[in-house]
Every structure is written in structure tokens, then in C-alpha cells.
Amino acid sequence: MSASTAKKPPRVGDNPAFRRALIAIVLVVTAFFVVAPLVVIGVEAFSQGWAVYAAAIAYPDTLHAILLTLVTALIAVPVNTAFGVAAAWAITKFDFWGRRFLLIVIEIPFSISPIVAGVAYLFVYGLQGLFGHALQAADIKILFALPGIVLASMFVTAPFVARELIPLMQAQGRDLEEAATSLGASGWRTFFSVTLPNIRWALLYGVVLCNARVMGEFGAVSVVSGNIRGQTNTMPLHIELLYHDYQSAGAFAVASILAVLAVVTLVAKVLLERRGAGRGARRPALAAPKAAAVIPQLASEKTT
């Protein structure tokens with residue numbers, strides 16, 4: 001009997017009973033630990049009626065928490081997007097000393113507890129910190145104010161965009177950028193005409209994840225904000241405050257907003273993955289022709 005016709009050894013999961021049992025376990029665990037909390041949030045948020053829910057959302061402190069969260073995201077997400085693109089561009093398109101070290105530094109926020117990061121900011125920008133006296137003398141307030149909240153949010157979300165772009169840009173290589181540069185294209189022209197079309201879906205994917213994390217960050221922000229009611233409380237901090245004040249309806253009402261944001265993020269994540277974003281779709285050959293079409297245009301511009 002030839003090797004091709006020989007009976008192959010069974011693989012893990014080939015047994016129908018084992019496969020069904022494994023799928024059932026996953027579904028049960030997902031239902032209890034993921035779906036059930038979301039359902040409870042929705043039920044409890046409207047348990048006392050729509051009027052109570054609307055009043056909880058319209059409460060001045062709640063509106064301020066929502067506004068502060070949105071302002072933080074509007075500042076932190078664009079800055080981290082620019083940082084992620086710049087870091088990915090530098091790491092994947094250039095060879096320089098410290099390149100591996102930069103990769104490690106980008107991963108640091110994922111390995112450090114957010115609370116530890118918040119405490120570190122206290123020792124840097126606090127009154128007894130490294131720059132505390134200089135900031136006080138200049139009448140600049142970082143901690144227990146919007147700047148501290150933004151800085152803490154930027155720290156914990158700094159790797160999201162870069163981590164999505166670096167593997168994709170490494171797989172795509174440098175050929176198209178080098179060809180565009182050799183034809184006289186400037187750095188900005190090369191980026192917008194060649195690089196950006198190839199990374200746009202992965203970039204948007206990273207931005208979506210970064211935005212969701214900024215709005216849901218609790219640990220680091222709780223340390224640097226001071227938890228001042230109606231002033232420095234973001235939505236996660238305001239939920240905790242309402243819960244400790246035994247205002248469960250208000251707490252669940254605000255939590256429902258973050259839950260909806262989580263669901264929207266998951267839907268956007270799935271849609272972007274279908275368009276070729278995320279680590280599950282690293283296929284540079286599919287994207288390269290779009291940017292490669294720019295190379296003949298650059299060549300014709302050079303000849304004319």
C-alpha cells in the first residue's frame with residue numbers, strides 16, 4: 001500500500017461527539033461570561049422605565065462624564081493614530097540602530113497594569129514628582145485635570161494602531177516605496193499614493209480598537225483624574241461612583257452606553273476583517289496592485 005493511500009492518523013476533533021461537546025462548551029462559556037452580562041446591563045438599565053433611564057442620562061454629572069470621555073477620545077485617538085503610523089513606517093521601511101528596542105517599547109503598555117501606569121504619572125507630574133514643582137511654578141495643571149486623563153489614555157492605547165500596521169507593512173515589504181522614491185516621488189507623495197492605500201483598512205481597524213479602549217479605560221484614568229464628581233469623571237469612573245451611591249439605575253444606564261459602544265466596535269471589527277484588516281488577513285498580494293498602479297503614473301510624470 002502506497003503512502004498516499006495509507007490511512008491517515010486521526011486528528012484532534014475528528015470525532016463528531018468530541019467536536020460537538022467542544023462547541024457546546026464554548027457556547028455555554030460565551031453565554032455565561034459574555035452575553036449574560038450584556039443582557040443584564042440592558043435589562044437593568046430599563047428596569048425602572050424609559051423616563052428614569054432618560055433622566056439618568058440627562059443628569060448634569062452624567063452628561064459631563066460623557067462629554068469628557070468624548071473629548072479625551074477626540075484628542076488621544078488622533079495622536080495615537082499618528083504615532084502608530086509613524087512608528088510602523090519607521091520600523092518597517094528603515095533600518096536603524098535601536099529598531100528592535102523600539103518594537104519592545106511599543107509593547108510596554110500591554111505588559112504594565114494601567115493602575116501602575118497611573119501611579120507612574122503621579123511620580124512624574126504630581127506635586128512631589130519629577131516635574132511637579134516646575135509645573136506648579138508655571139501654573140500648569142496636568143494631574144486631576146483633562147491633560148492627565150488624556151496622557152493616561154494615550155499611554156494604555158499607544159500600541160493599538162502600531163500593532164495592526166507593523167505586521168502588514170512588514171509583509172508588504174519596501175519595493176513599491178523604493179520604486180516610487182526612485183521615480184522622484186517625495187516622502188509625502190509616496191506615503192499618500194503608495195503606502196496609505198495598502199494599509200487603510202488595517203489603520204481603520206486599529207483606530208476602532210484604540211477608540212473603544214480609550215472610552216472604556218478605568219485603571220490609569222482613576223489614578224490620575226482624582227475622581228472629582230462632575231469634573232474629572234469619565235464614563236467608567238462615573239459608573240463606579242453611581243454604583244457606590246446606590247444609584248443602580250443610573251449606573252446601568254451609563255453602562256448601557258459603553259455596552260452599545262462595545263457591540264458597535266465588534267460589528268466594525270468583523271466588517272473590517274472582511275475587508276482585509278486585522279491580523280487574520282495579512283495578504284499583501286491583494287492590496288499591492290492598487291498601489292502598484294501609481295508607479296506607472298509616477299514614471300510618466302517623470303518622463304514628461
Side-chain angles (χ1 to χ4, degrees), residues 56-84 86-87 105-106 108-162 206-245 247 250-251 253-258 261-262 265:
I57 298 298
Y59 189 67
D61 288 350
T62 301
L63 293 178
H64 185 274
I66 295 174
L67 178 62
L68 181 60
T69 303
L70 293 177
V71 171
T72 302
L74 288 175
I75 299 174
V77 174
V79 173
N80 276 343
T81 300
F83 166 76
V105 170
I106 291 174
I108 287 179
F110 281 144
S111 60
I112 295 180
S113 169
I115 294 180
V116 174
V119 173
Y121 275 105
L122 288 178
F123 284 103
V124 175
Y125 300 107
L127 183 59
Q128 304 300 324
L130 183 62
F131 303 119
H133 293 292
L135 292 172
Q136 186 181 30
D139 196 23
I140 299 175
K141 191 173 184 179
I142 300 294
L143 297 182
F144 313 130
L146 177 62
I149 297 173
V150 172
L151 286 174
S153 301
M154 286 172 53
F155 178 86
V156 298
T157 59
F160 279 94
V161 175
V207 169
V208 168
L209 296 180
C210 180
N211 180 73
R213 179 61 189 275
V214 167
M215 290 191 172
E217 175 55 30
F218 179 86
V221 173
S222 67
V223 176
V224 302
S225 68
N227 292 344
I228 305 174
R229 185 192 297 266
Q231 296 184 32
T232 62
N233 271 351
T234 58
M235 281 197 288
L237 301 181
H238 189 59
I239 291 171
E240 183 193 39
L241 181 64
L242 291 174
Y243 183 78
H244 287 316
D245 288 346
Q247 300 180 30
V254 182
S256 68
I257 298 177
L258 291 178
L261 174 65
T265 300

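Atoms considered below: every heavy atom in the structure, side chains included; atoms not considered: hydrogens, waters and symmetry mates. Bear in mind that the values here come from a model prediction, so they are computed numbers and not experimental data.
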Could you walk me through whether Ile106 and Phe83 pass the side-chain contact (heavy atoms from CB on, under 4.5 Å) check? CA-CA 10 Å; Ile106 291 174; Phe83 166 76; 4.2 Å; yes
Is [X] reaching over with its side chain to a backbone N or O of [Y], donor-acceptor style, under 3.5 angstrom?
| X | Y | answer |
| --- | --- | --- |
| Thr69 | Met235 | yes |
| Ser153 | Val214 | no |
| Asn80 | Met154 | yes |
| Thr81 | Val77 | yes |

So which pairs with a foot in residues 117-134 pass side chain to side chain donor-acceptor pair (under 3.5 Å), sequence neighbours left out?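 Of all non-adjacent pairs touching residues 117-134, none passes side chain to side chain donor-acceptor pair (under 3.5 Å).
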4.5 Å side-chain heavy-atom contact, [X] and [Y]:
| X | Y | value |
| --- | --- | --- |
| Asn227 | Asn233 | yes |
| Phe131 | Val124 | yes |
| Pro109 | Val156 | no |
| Ser225 | Thr234 | no |
| Leu258 | Ile239 | yes |

When you look at OH of Tyr243, are more than 12 heavy atoms from neighbouring residues, nucleotides or ligands closer to it than 6.0 Å?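 Result for OH/Tyr243: open.
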Should we say atom CZ of Phe218 is surrounded by more than 12 heavy atoms from elsewhere, each under 6.0 Å from it?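 Counting neighbours around CZ of Phe218, more than 12 heavy atoms of other residues, nucleotides or ligands fall under 6.0 Å, so yes.
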List the atom of [X], the atom of [Y], and the distance in Å for their closest heavy-atom pair.
| X | Y | result |
| --- | --- | --- |
| Leu237 | Thr232 | CD1-O, 4.0 Å |
| Thr72 | Leu68 | OG1-O, 2.7 Å |
| Gly219 | Ile115 | CA-CG1, 3.8 Å |
| Pro147 | Lys141 | CG-O, 3.6 Å |
| Ile112 | Phe155 | CD1-CZ, 4.4 Å |
| Val71 | Leu146 | CG1-CD2, 4.0 Å |

What pairs with Asp61 under salt bridge (Lys or Arg N to Asp or Glu O under 4.0 Å), at least two apart in sequence or on another chain?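 Applying salt bridge (Lys or Arg N to Asp or Glu O under 4.0 Å) to Asp61 gives none.
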Qualifying salt bridge (charged side-chain N to carboxylate O under 4.0 Å, His left out) pairs with a residue from residues 212-228, counting only residues at least two apart or across chains: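 For residues 212-228, and leaving out neighbouring residues, the salt bridge (charged side-chain N to carboxylate O under 4.0 Å, His left out) pairs sorted by first residue read Arg213-Glu217.
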Walk me through it: do Asp245 and Arg229 pass the test side-chain contact (heavy atoms from CB on, under 4.5 Å)? CA-CA 12 Å; Asp245 288 346; Arg229 185 192 297 266; 2.8 Å; yes
Separation between CG of Leu242 and OG1 of Thr62, rounded to the nearest 0.5 Å: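 The distance works out to 5.5 Å.
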Nearest 0.5 Å, please: how far is CD1 in Ile142 from CG in Leu135?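 Reported to 0.5 Å precision, the distance equals 5.5 Å.
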